[in-house]
Every structure is written in C-alpha cells, then in structure tokens.
Amino acid sequence: MAVTGRLGLLALLAAPVVGFLLPSWAGIGLAAVVLFLLVVLDLVLAGSVRRLVFARSGATSVRLGEPCEVTLTVANPGGRPVRARLRDAWPPSAGADDRHRLSLPAGERRVVTTRLLPTRRGDRTATRVTVRSTGPLGLAARQGSHDVPWTVRVLPPFHSRKHLPSRLARLQQLDGRNAVLIRGQGTEFDSLREYVIGDDVRSIDWRASARASDVMVRTWRPERDRHVVLVLDTGRVSAGRVGDAPRLDASMDAALLLAVLAARAGDRVDLLAYDRQVHAAVQGSSDLLPALVNAMAPLEPSLVETDARGMIAEVLRRTRRRALVVLLTGLDAAPLEEGLFPILSKLTSRHQLMIASVADPRVAEMAAGRGDAEAVYDAAAAERVLAERRQVTARLARHGVEVVDAVPEDLPPRLADRYLALKAAGRL
C-alpha cells in the first residue's frame with residue numbers, strides 16, 4: 001500500500017512532464033510512460049554502490065568443524081542513503097552465511113558480520129562483496145562488486161586430543177616418578193635404592209652395596225631430548241578415503257597426538273610432508289602445536305606415486321643424529337615393494353623406524369560377510385587384502401621396523417602407546 005501511494009504521488013508530479021512530452025510519444029500508453037519515468041527516477045535516487053568503502057576484520061584461523069566470524073565494515077561517503085542487499089561471497093566449503101540486508105545513511109558506517117562454519121581444511125579466501133542498492137520505490141537498483149580480500153586458515157581439528165590426558169599420565173610414570181630397572185639406549189641413570197624382592201639382580205650396584213648396610217640397585221629413567229621425526233606421505237596412497245575423509249587427515253590426527261606427547265616428554269619433534277617434493281617442514285619449533293597445525297592445514301593429497309628414494313634422502317639430510325622416524329603411509333604391497341623396501345636399510349641402519357598406516361574398517365566388515373554369493377566374493381577379496389597387509393607387516397618387522405596398523409579412530413592412541421612402549425624399553 002505504501003508503494004502504491006508513492007506511485008500515485010509521483011505520477012501526479014510527473015504529469016506536467018508527461019503532458020509536455022506526450023505529443024512526441026503518441027501511441028505509447030500514458031501508464032507505460034509514467035512507469036518508465038518512475039523507474040528512471042528511482043534509479044537516480046538509489047544510493048551509489050561504487051562509492052562505498054569496505055574494511056575487514058575478525059578471525060584469521062579456525063579449527064575444522066568450529067564456527068568463526070569475519071566482520072565487514074561498510075562506509076557510505078556519498079550524499080544519498082543506501083538501502084541494499086549485500087552478499088559477502090566465500091567458497092562453498094567455507095560454510096558462509098553470506099547474505100545480509102544493509103541500511104546505511106549518508107556519511108555513516110555499518111558493521112556486517114559473516115559467520116563461517118568450514119567443512120574442509122586449508123585456506124578459505126573471500127572472493128568479492130556484491131551490493132544491490134535499491135531506490136526509494138523499490139522499482140530499480142544499482143549493483144556493483146568490490147574486491148575485499150580476506151583469508152581464514154582452517155586448521156586440522158585434532159580430535160585425538162581427548163587421548164592426551166591418559167597418555168600424559170603414563171608418561172609421568174615413566175619420567176622419574178616410577179623409575180624403571182631396564183637399561184637401554186634411551187635410558188639414563190636415575191638413583192640408587194634398596195633391593196626388594198622381584199628386582200632384576202643385574203641392576204644391583206655391588207660397590208654401593210659394599211658401602212651400605214643393604215643391597216642397593218640402580219634405577220634408570222627414559223632419556224629426554226631425543227629426536228622424533230614425523231613424515232607425512234602426501235602421495236597417492238594418502239588420497240584414498242576412509243569414511244568421510246582422506247587417509248591423510250587421519251594420519252595428521254595421529255601425528256598431532258604423538259607430537260604433543262613427545263614434546264611433553266622433552267623430545268624434539270620435527271615434521272616433514274613429502275611425495276615428490278617437500279610440501280611442509282617444521283624443525284625445532286619452540287611453539288610446536290601451532291606450528292604443526294599451520295603447516296598441515298593447506299596440505300592436500302597428490303595423485304602421484306611417492307618418490308621413496310627422495311623421501312628417505314630428505315630425512316637423512318635433515319636428521320644427523322639417531323632418531324625415531326615415524327612414517328605415516330600405506331601398507332599396500334606394490335608401492336612398498338617398488339619404493340621403500342629396496343632402500344629400507346639406508347634408513348634403519350641409522351634410525352629407529354616406525355610405520356603407521358590407516359586401515360579401512362570397511363575391509364574387515366567385508367571379510368566377515370557371508371550373506372550371499374556376492375558377499376562371499378567380497379569377503380574373499382577383503383581377506384586377500386588383509387593377508388597382504390599382514391605379510392607386509394611381518395616383512396617390515398624382520399627389518400626391525402615397528403608397524404602400527406589401525407582404523408582412523410584407533411590409530412592415534414595406538415601410535416602413542418607404541419611410542420611410550422619404546423620409551424619405557426629404552427629403545428629411543
């Protein structure tokens with residue numbers, strides 16, 4: 001009703017102009033002429049889009065699955081108010097609530113907030129801001145776009161963080177609170193105490209016992225300041241999807257848990273992401289977790305076969321002293337046979353190697369299927385895959401390689417447990 005009233009009022013105002021022009025527009029209906037003039041007048045009165053000034057602020061990083069907000073400040077230096085619809089465009093994977101209404105008087109500014117809920121890791125960059133400014137009658141509008149750059153880095157979610165308290169409690173038991181009696185490459189002398197039944201007689205310190213009134217034994221504790229190198233294989237094997245995510249994401253989650261645990265144990269942790277070239281590297285960072293998640297965030301699987309020789313050469317070049325090298329890759333027989341096995345001794349002769357692999361739970365489900373003929377064929381194929389993985393694991397074990405093969409949700413805690421077991425046995 002309000003628009004109809006305004007139309008009638010402007011029609012009366014435009015009547016003299018129409019009467020003057022009507023001889024030239026004979027044959028055109030009066031209503032069409034009035035409507036045309038009203039549209040032109042509405043377009044002239046619409047606020048300018050080009051003169052708007054934009055500035056951004058807000059979040060620059062967020063964990064995958066968590067919301068964040070980016071604010072857009074819009075200033076109107078023009079002489080007419082702007083009544084508009086605004087779209088703050090982002091890629092679909094940013095999960096942006098990007099459509100807004102804007103009422104901006106002349107000479108003032110407003111703040112528009114865009115809420116993001118990203119669905120993928122990596123850098124999510126705003127494309128452009130599009131504004132459609134309508135006139136007072138709503139008959140015509142001006143539209144224009146502005147480039148207002150902004151990037152939000154979506155970090156790995158680190159779901160395995162929930163396993164950290166229990167593993168830290170076990171680490172505290174190893175770290176001098178419950179000193180071990182087993183001496184290995186990764187243990188150092190802690191203290192002497194009196195012998196109790198059940199202690200290893202090889203730990204008796206006979207010289208100290210001669211000076212004391214009782215039999216004394218030596219205790220040992222895991223050494224600190226060891227070196228852990230996490231190697232993410234970003235080649236073809238990491239692109240396979242397990243559930244809703246690629247294998248690379250599950251490997252990252254396991255690597256983050258192990259990295260935080262090792263750092264709390266006093267060990268130095270490095271990261272290397274490689275397929276045919278280095279895609280990310282973190283060495284000796286004092287602020288480890290932020291450095292790791294920022295390095296991992298933009299990583300994507302490459303659909304190429306990993307250059308195992310180049311990867312091993314890069315690890316050996318960067319790691320001079322003995323270290324625990326944790327390679328997060330697949331256990332597929334063919335790639336390992338052609339890539340890693342021929343040069344495995346170069347790495348195992350200098351470092352302790354551990355391979356962590358993401359297993360597909362669907363394969364185990366298929367192996368148990370017996371419902372019909374198709375299920376039996378699927379089960380046979382799944383059993384063959386499982387048998388090949390067991391053969392590869394046994395072959396790696398004969399070379400002294402520790403292997404952790406588990407489904408995505410189990411891989412992080414099992415990898416952390418294997419690290420603690422090596423720590424307790426003094427094998428690091």
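The pair Asp360-Arg389 does not count as a salt bridge, with every side-chain nitrogen at least 4.0 angstrom from each carboxylate oxygen. At a threshold of 4.0 Å, the pair Glu69-Arg115 does not count as salt-bridged, since none of the basic side-chain nitrogens sits closer than that to a carboxylate oxygen. A salt bridge links Arg395 with Glu337: the closest approach of a Lys/Arg side-chain nitrogen to an acidic carboxylate oxygen falls below 4.0 angstrom. Look at Arg268 and Asp270 and you find a salt bridge, because one of the NZ, NE, NH1 or NH2 atoms lies within 4.0 Å of a carboxylate O, short of that distance. Salt bridge status for Arg120 with Glu300: present, with a side-chain N to carboxylate O gap under 4.0 Å. Under 4.0 Å is where a charged nitrogen must lie from a carboxylate oxygen, and between Glu66 and Arg63 no such pair does.
In terms of modelled atom types and a separation under 3.5 Å, the side chain of Ser285 and the main chain of Val282 share no donor-acceptor contact. A donor-acceptor distance shorter than 3.5 angstrom exists from the side chain of Asp233 to the backbone of Gly235, with no hydrogens or angles considered. Looking only at distances, a side-chain donor or acceptor of Arg370 sits under 3.5 Å from a matching main-chain atom of Ala367. Without hydrogens or angle criteria, Asp332 side chain to Pro335 main chain gives no donor-acceptor distance under 3.5 Å. For the pair Asp287 (side chain) and Pro290 (backbone), a donor-acceptor distance under 3.5 Å is absent.
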Val358 and Ser251: CA distance, side-chain angles, deciding distance, side-chain contact (heavy atoms from CB on, under 4.5 Å) verdict:
CA-CA 7 Å; Val358 181; Ser251 297; 3.7 Å; yes

Could you go through the side-chain contact (heavy atoms from CB on, under 4.5 Å) check for Val325 and Thr319 one step at a time?
CA-CA 9 Å; Val325 177; Thr319 311; 5.5 Å; no

Would you please test Leu396 and Gln391 for side-chain contact (heavy atoms from CB on, under 4.5 Å) and show each step?
CA-CA 9 Å; Leu396 289 169; Gln391 290 175 2; over 6 Å; no

Show the numbers, then the answer: is there a salt bridge (Lys or Arg N to Asp or Glu O under 4.0 Å) between Asp417 and Arg170?
CA-CA 9 Å; Asp417 290 343; Arg170 290 180 57 188; 2.9 Å; yes

Arg110 and Glu108: salt bridge (Lys or Arg N to Asp or Glu O under 4.0 Å), yes or no, with the steps?
CA-CA 7 Å; Arg110 293 288 186 271; Glu108 295 189 16; 3.1 Å; yes

Applying side-chain contact (heavy atoms from CB on, under 4.5 Å) to Leu86 and Asp88, what does each step give before you reach the verdict?
CA-CA 7 Å; Leu86 180 148; Asp88 184 8; 4.3 Å; yes

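In this model, no donor atom of one side chain and acceptor atom of the other lie less than 3.5 Å apart for Ser302 and Arg276. No side-chain donor-acceptor contact under 3.5 Å links Thr134 and Arg85. Side chains of Ser145 and Thr130: a donor-acceptor N/O pair is present below 3.5 angstrom, by distance only. A donor-acceptor contact closer than 3.5 angstrom links the side chains of Thr71 and Ser57. Checked by atom type, the side-chain pair Asp253/Ser160 shows a donor-acceptor distance below 3.5 Å. With 3.5 Å as the limit, one finds a donor-acceptor pair spanning the side chains of Asp267 and Tyr419. Judged by distance alone, the side chains of Asp98 and Thr114 never bring a donor and an acceptor atom under 3.5 Å apart.
Around CZ of Arg132, the count of heavy atoms belonging to other residues, nucleotides or ligands within 6.0 Å does not exceed 12. Applying the 6.0 Å contact sphere to CZ of Arg384 captures no more than 12 heavy atoms from other residues, nucleotides or ligands. By the neighbour-count criterion of 12 heavy atoms within 6.0 Å, atom CZ of Arg101 is sparsely surrounded, having that number or fewer from other residues, nucleotides or ligands.
The distance from the CE atom of Met296 to the CZ atom of Phe158 is 9.5 Å, given to the nearest 0.5 Å. With rounding to the nearest 0.5 Å, the separation of CG in Asp249 from CG in Leu64 is 7.5 Å. Distance check, rounded to the nearest 0.5 Å: CD1 of Ile312 to CD1 of Ile343 gives 5.0 Å. Separating the OG1 atom in Thr329 from the CG atom in Leu336 is a distance of 6.5 Å, to the nearest 0.5 Å. Thr234 OG1 to Leu299 CG: the interatomic distance, rounded to the nearest 0.5 Å, is 6.5 Å. Atom NZ in Lys423 sits 7.0 Å away from atom CZ in Arg226 (nearest 0.5 Å).
Two residues are said to be in side-chain contact when any heavy atoms from C-beta on lie closer than 4.5 Å; Met252 and Leu232 meet this criterion. Using a 4.5 Å cut-off on side-chain heavy atoms (C-beta onward), Leu230 and Leu258 make contact. The shortest distance between side-chain heavy atoms of Arg236 and Pro301 does not fall below 4.5 Å. For the pair Leu347/Val315, a side-chain contact is recorded, criterion being any heavy-atom separation below 4.5 Å from C-beta on. The side-chain heavy atoms of Ser133 and Arg83, taken from C-beta on, include no pair separated by under 4.5 Å. Val74 has its side chain out of reach of Val131: every pair of non-hydrogen atoms, C-beta onward, lies at least 4.5 Å apart. In this structure, Val242 and Pro361 have side chains that are in contact, with non-hydrogen atoms separated by less than 4.5 Å. Side-chain contact between Leu155 and Val62 is absent, with no heavy-atom pair separated by less than 4.5 Å.
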Side-chain donor/acceptor pairs under 3.5 Å, residues 146-153, sequence neighbours excluded:
from, atom 1, to, atom 2, distance (Å)
His146, NE2, Val49, O, 3.0
Trp150, NE1, Ala59, O, 2.9
Thr151, OG1, Thr125, OG1, 3.3
Arg153, NE, Asp123, OD1, 2.7
Arg153, NH1, Asn294, O, 3.0
Arg153, NH2, Asp123, OD1, 3.3
Arg153, NH2, Asp123, OD2, 2.9

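Pro156 approaches Leu256 most closely through the heavy-atom pair CB-CD1, 4.1 Å. When every heavy atom of Arg318 is checked against every heavy atom of Leu272, the shortest pair comes out as NE-CD1, 3.8 Å. When all heavy atoms are compared, the tightest approach of Asp372 to Ala375 is OD1-N, 2.8 Å. Contact record, Pro246 with Ser238: CB-O, 3.7 Å, taken as the closest heavy-atom pair. Nearest heavy-atom pair across Thr113 and His100 is O-CE1, 3.0 Å. Between Ala416 and Leu261, the shortest heavy-atom distance links the atoms CB-CD2, 3.8 Å.
With sequence neighbours left out, His279 forms a side chain to side chain donor-acceptor pair (under 3.5 Å) with Asp275.
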